[in-house]
Amino acid sequence: MNHWLVKTEPDVYSWERFVKEGRAMWDGVRNYQARNNLMKMKKGDKVLFYHSNVGKEVVGVAVVAGEHYPDPTAKEPGWAAVDLKPVKELQRPVGLDRIRSVPGLKDMLLLRHSRLSVIPVAAAEFRAILRISEAA
DNA sequence: GCCAACGTTGGC
DNA sequence: GCCAACGTTGGC
């Protein structure tokens, strides 16, 4: 199983709305690297849900509920969307500065490639984020 | 609101 | 095919 992180601006699409709706079509990705990552997602992969711009923190965990299909919002062919479902909200959000302060997480692509919106996450990194969210 | 990083576009 | 100009993202 692979792990991922997706970014969304909460003003545009928030975790709260995601939970309320129970499912999301992750569409609108118009960056090749991000698209390639989307297309590698397998059903059951776990996904960190990150609020960019406002909050700058990981707020929850989602799961890939449906693998990629052509993005219906794209004018050109070749873009992809996946379906995500919420799994759980983090006990407390894990902020970007917190992540940056952890030596083992310094190499996360989230930090090193800050403009990518669909990012692979190592299993150990994924676990570390969850552990931080559960620490007092 | 500014700016750095970086991807994309288009002229040559 | 190179590279300058431009657009977008996202942290600060």
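Here the structure is a predicted model, which means the values were calculated and not measured. Each chain gets a letter, A, B and so on, in the order its sequence line appears, and its residues count up from 1.
Glu67(A) pairs by the salt bridge (Lys or Arg N to Asp or Glu O under 4.0 Å) definition with nothing, not counting sequence neighbours. The salt bridge (Lys or Arg N to Asp or Glu O under 4.0 Å) check on Arg131(A) picks up nothing, with sequence neighbours excluded.
Note on residues 70-85 of chain A: pairs passing salt bridge (Lys or Arg N to Asp or Glu O under 4.0 Å), not counting sequence neighbours, are Arg23(A)-Asp83(A), Arg30(A)-Asp71(A). Residue pairs meeting the salt bridge (Lys or Arg N to Asp or Glu O under 4.0 Å) criterion with at least one partner in residues 34-59 of chain A, sequence neighbours excluded, are absent.
Under a 4.5 Å side-chain heavy-atom criterion applied to ILVMFWY residues, the cluster that includes Tyr69(A) comprises Met25(A) as well.
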Encode nucleotides 2-12 of chain C as B, S and - characters from 5' to 3', where the letter depends on protein heavy atoms closer than 4.0 Å: B to the base, S only to sugar-phosphate, - to neither.
-----BBBBBB
